[in-house]
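Structure record follows, encoded as structure tokens.
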Amino acid sequence: MQDQPTKDAFVEFERVQKSYDGETLVVKDLNLSMPKGEFLTMLGPSGSGKTTCLMMLAGFETATHGDIRLDGRPINNIPPHKRGIGMVFQNYALFPHMTVAENLSFPLEVRGLSKSDREAKVKRALDMVQMGDFGGRRPAQLSGGQQQRVALARALVFEPELVLMDEPLGALDKQLREHMQFEITRLAHELGITTVYVTHDQTEALTMSDRVAVFDDGRIQQLAPPDELYEAPQNSFVAQFIGENNTLEGVVKSLEGDVAMVHLDGTNHVVEAKAVNVSQVGERTRVSIRPERVETDPERLQDEAHTLNAEVLEFIYMGDIFRTRLRVAGNDDFIVKTRNAPDTVRLKKGETIRIGWLTEDCRALDA
Amino acid sequence: MSEATDTSGPVLAADGTPLKRSLARALRRQKLRALGLVAPLLLFVLVTFIAPIADMLFRSVENDIVADTLPRTVVALKDWRYDGGEIPDEPVFAALYADLAVAVEKKEHTRLGSRLNYETTGTSSLFRKTGRRVDDIGEHFQDQLEGLDDAWKNPETIAAIFAADPTAERYRPRDGVAAMLPRASAAYAKFAAFTESEGDVAAEEKPWELIYAELYADLTAGQGAPYEGPEAALVRAAVAAVPGFEPLSFKEAFIEVDDGWESVEIWGTIKAYSPRYTPGYFLNAVDMQLTPEGIERQDEGQRIYGLLFKRTLFMSLAITISCILLAYPVAWILANLPMRTANLLMILVLLPFWTSLLVRTSAWKVLLQQQGVINDIIVWLGLGKFMVWVENAWNWFGTTVGFIDPAMLVDFASNEGRLTMINNQFGTIVAMTHILLPFMILPMYSVMQTIPPTYMRAAKSLGATNWTAFWRVYFPQSVPGIGAGSILVFILAIGYYITPELVGGTTGTFISNRIAYHISSSLNWGLAAALGAILLAAVLLLYWAYDKIVGIDNVKLG
Ligand SMILES: Nc1ncnc2c1ncn2[C@@H]1O[C@H](COP(=O)(O)OP(=O)(O)OP(=O)(O)O)[C@@H](O)[C@H]1O
Ligand SMILES: [Mg+2]
């Protein structure tokens, strides 16, 4: 669950703890190591400590315990303005009394660049986000998306090696958000910037990032590339948090290699599952199966697939897919997604069917 | 076709009335309700604020008193010109008698005397003295008429001549008497009106001497000859006798009463102030005066208002600046603390509001006086010598640079290095800064509260030091708060009265103290009004200038 500090780590958190009030730890034991050029997303529910981590990195909060290193140097004692970290704030924080161009020129001015250099860089940065014609406007005269792009340009204009973004797209509508997601990843890769991106939108996290760190309860629950995160969640929090997920609770009956037999609660069913997060017999566990990995067509069930009886409670037509709600082993919220193919059977309410899945798609996680 | 014309006509509401009209009706109801809601306050403001201000502005130019008290004199003076030489002639003095006789009976002549005394000293006593002896002039004629016939002594006889019904409670002129004895009957009418206003009956009261004098004038003018009516025999006898009466020169009579009447200055002043509206108060308020020769500067020793205005502006500015300097950090801290702590500290800021102004001002007296707490500490710390040095440096600076106000030269450390910090400008500035501080902190605080801390963070993340981030990012956004606070404090300070009065001594008083003096002690309300009007104009002017320079939209109170 932790990732090992590597030699070429650019950003490193080591056993970092943070408490605001001296009573509760907001960040409990943070270990994180990022290579140069990586796009890493911090994903987690509200209040899980994402912003706090970002603020510690930017230097606006100090870690209560532990080390933060940037390019191998500890930065706990470097004042914020010397860290050279670009930052995009959740509400953009564009200076309202300056024009767009002045906003962009500000970081260059404080670095003592000449006027002509400044103008050239400001122009280039504005063109980069397609805002070249808006230099003379005040932030209040821009739309949300335009402000967002200006904020991005301002964070990049002084060519920082590390850029932090705190829910920069939170205030935008869906279409604009998708467009900006694309713009941000494109820029980040083109310019080769190391990016730490905070969001609580999992789609955003999955589509944009090289790696995603799932935060909860002040810890990183899992740090992995998007596909791994989705397909191989390490614990039930991650399984629940990322994508849709069916859980069946039970007790581990036996453990053989990485295969666990789980006795489901309230039934006499025993299912075979991949032991991910269980270590001993008799332990309580949650079995997790993705809705699209459940097969409802008996003909397509493979021989070794495990099968169970299920009662159809609801059948929802969603266009590209069908979403069926079933009662399985006492769980009324068992969802199955099937592709809308010409030969797919449309189930009827009240029907009893047999469903099944592959053992490797069924993961026994912590309770 | 018909549809096309329909759509080009007025848009109709559902009930067929034009939409514009039904909208107007709906809005009118809304407006009326809004008006109803603000009406009590509007009325209150009108009665207690707008009306007094209008009245005050009016008073600063109003000058009815001369024309009302000396109506005939003012008319008679029309043709007289002040040229420093001749005093007016007999007809003017005759008119003056006629006016003064009435004014004295009504006891209005002293008021006029004090009014004209603002312009020419000595007028007050002249009028008072003349008032005591103006009867003598009329008695000259009364005595001669009474010598002719004792009947003239009887009020009822006189009443029979002039009144339609002498026994009636209320006087009514007898038909025709006004034509036969115009001046006397006019005088009698005034007498009757005055007597009745006192609650008496005219026919029972001793008539004014003025009536006899006017009767004499009528009779000598030959008016009495065709007289008919009651007491005709008496009047005809008088007509026959008046050419034998000893004549009287009013001019000589007045000069005999008080040779002040020989002074051409008095007459010049009366003439100069006879119009119903005068610029005189405003001229006085800017250290000028309206003299018979025209507009002149006030004598050197009496030029005080210019200095007072300058001092008021300068000290208000000093108070505003010290408020800004003290309030800014406090407001900043308050705006950046957690809400709970900020509210607690806010109570401390507001505490002065809940303490009596007098108590706070007196507390400053205790602190700042020569034997007060601060001086004791200075002496205890042995800083006396240092203070003497500070004083010398200050006064040297003051004399080389040249202060606006000589009162700023200080006599600090006269007494073993004890500072004189009260009853001077310093005391006033300290006490008023303390008193007005909340008015600066509150608008600043409410503006700073709206500046999110992320701006400063953003500036720092962009590479700015704390200093740069503050001046380039935070400060410009807090300017509206400074503006609002400054306007508030400056305008309050410029009109402040009680604190300068208590701790200002002679050098730390404001123009408002002078206004108060004229309102309550010298009773020169016209001058007080003119000073107030100038102060009001100055404030409006500054407000206008502020709007031009900073922009009034840049003022935020929250
Ligand atoms: N300045 C502060 N003082 C005290 N507690 C704070 C402060 N800032 C954050 N916290 C607390 O720390 C915890 C983590 O906050 P943080 O802002 O890091 O959450 P987040 O993951 O960014 O949430 P969100 O997704 O809502 O932005 C929260 O419980 C919050 O109440
Ligand atoms: Mg946050």
Side-chain angles (χ1 to χ4, degrees), chain A residues 20-21 51 54-61 78-99 102-113 122 125 138-140 147 150-160 162-168 196, chain B residues 328 331-333 335-344 443-486 546-547 549-558:
Chain A
Y20 283 108
D21 51 9
T51 300
L54 224 53
M55 288 301 161
M56 285 191 291
L57 191 52
F60 299 123
E61 299 290 351
I78 309 175
H81 66 273
K82 294 213 174 118
R83 297 193 183 185
I85 298 175
M87 184 142 186
V88 180
F89 290 83
Q90 190 161 5
N91 53 7
Y92 315 141
L94 295 174
F95 306 138
H97 59 291
M98 297 184 191
T99 63
E102 284 165 352
N103 262 286
L104 262 71
S105 170
F106 183 81
L108 306 175
E109 240 170 275
V110 298
R111 285 177 170 74
L113 266 70
V122 167
R138 294 277 161 119
Q147 290 184 31
V150 173
L152 186 62
R154 189 179 66 176
L156 299 178
V157 71
F158 60 97
E159 292 159 18
L162 176 62
V163 176
L164 312 180
M165 303 191 196
D166 191 0
E167 300 190 34
V196 180
Chain B
Y328 199 93
W332 188 84
I333 292 222
N336 284 289
L337 279 176
M339 209 55 190
R340 266 172 55 97
T341 336
N343 282 343
L344 206 70
M444 278 185 176
Y445 168 67
S446 59
V447 167
M448 288 180 184
Q449 238 188 348
T450 63
I451 306 174
T454 43
Y455 286 131
M456 282 291 271
R457 291 186 163 187
K460 279 187 236 171
S461 82
L462 293 171
T465 56
N466 280 333
W467 177 257
T468 320
F470 174 77
W471 285 108
R472 292 284 309 277
V473 174
Y474 195 85
F475 183 77
Q477 295 187 64
S478 66
V479 164
I482 302 180
S486 301
Y546 184 90
D547 185 28
I549 298 164
V550 186
I552 219 70
D553 334 332
N554 258 333
V555 168
K556 266 199 264 172
L557 287 169

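Just so it is clear, the structure is predicted and the values come from calculations on it, not from any experiment. Letters A, B, ... are given to chains in the order of the sequence lines, protein chains preceding strands, and every chain is numbered from 1.
Taking the charged nitrogens against the carboxylate oxygens, R457(B) and E61(A) do have a contact shorter than 4.0 Å, which makes a salt bridge.
The only member of P107(A), P80(A), P160(A) that meets side chain to side chain contact (heavy atoms under 4.5 Å, CB included) when paired with L462(B) is P107(A). Paired with R472(B) under the rule side chain to side chain contact (heavy atoms under 4.5 Å, CB included), one option of M98(A), H97(A), E102(A) passes, and it is M98(A).
Neither the backbone nor the side chain of R83(A) comes within less than 4.5 Å of any heavy atom of chain B. Neither the backbone nor the side chain of L108(A) comes within contact range of chain B; no heavy atoms are under 4.5 Å apart. With a 4.5 Å cut-off on non-hydrogen atoms, F158(A) touches chain B through its side chain but not through its backbone.
The interface of residues 463-470 of chain B with chain A, defined by heavy-atom distances below 4.5 Å, comprises G463(B), A464(B), T465(B), T468(B).
Checked against side chain to side chain contact (heavy atoms under 4.5 Å, CB included), Q90(A) has the following partners two or more places apart in sequence or in another chain: D166(A), E167(A). By the ring pair (Phe, Tyr, Trp, His ring centres under 6.0 Å) test, F95(A) pairs with F106(A), sequence neighbours left out. For D547(B), the side chain to side chain contact (heavy atoms under 4.5 Å, CB included) test picks out I552(B), with sequence neighbours left out.
Across all non-hydrogen atoms, the minimal contact from S461(B) to F89(A) is OG-CE1, 4.1 Å.
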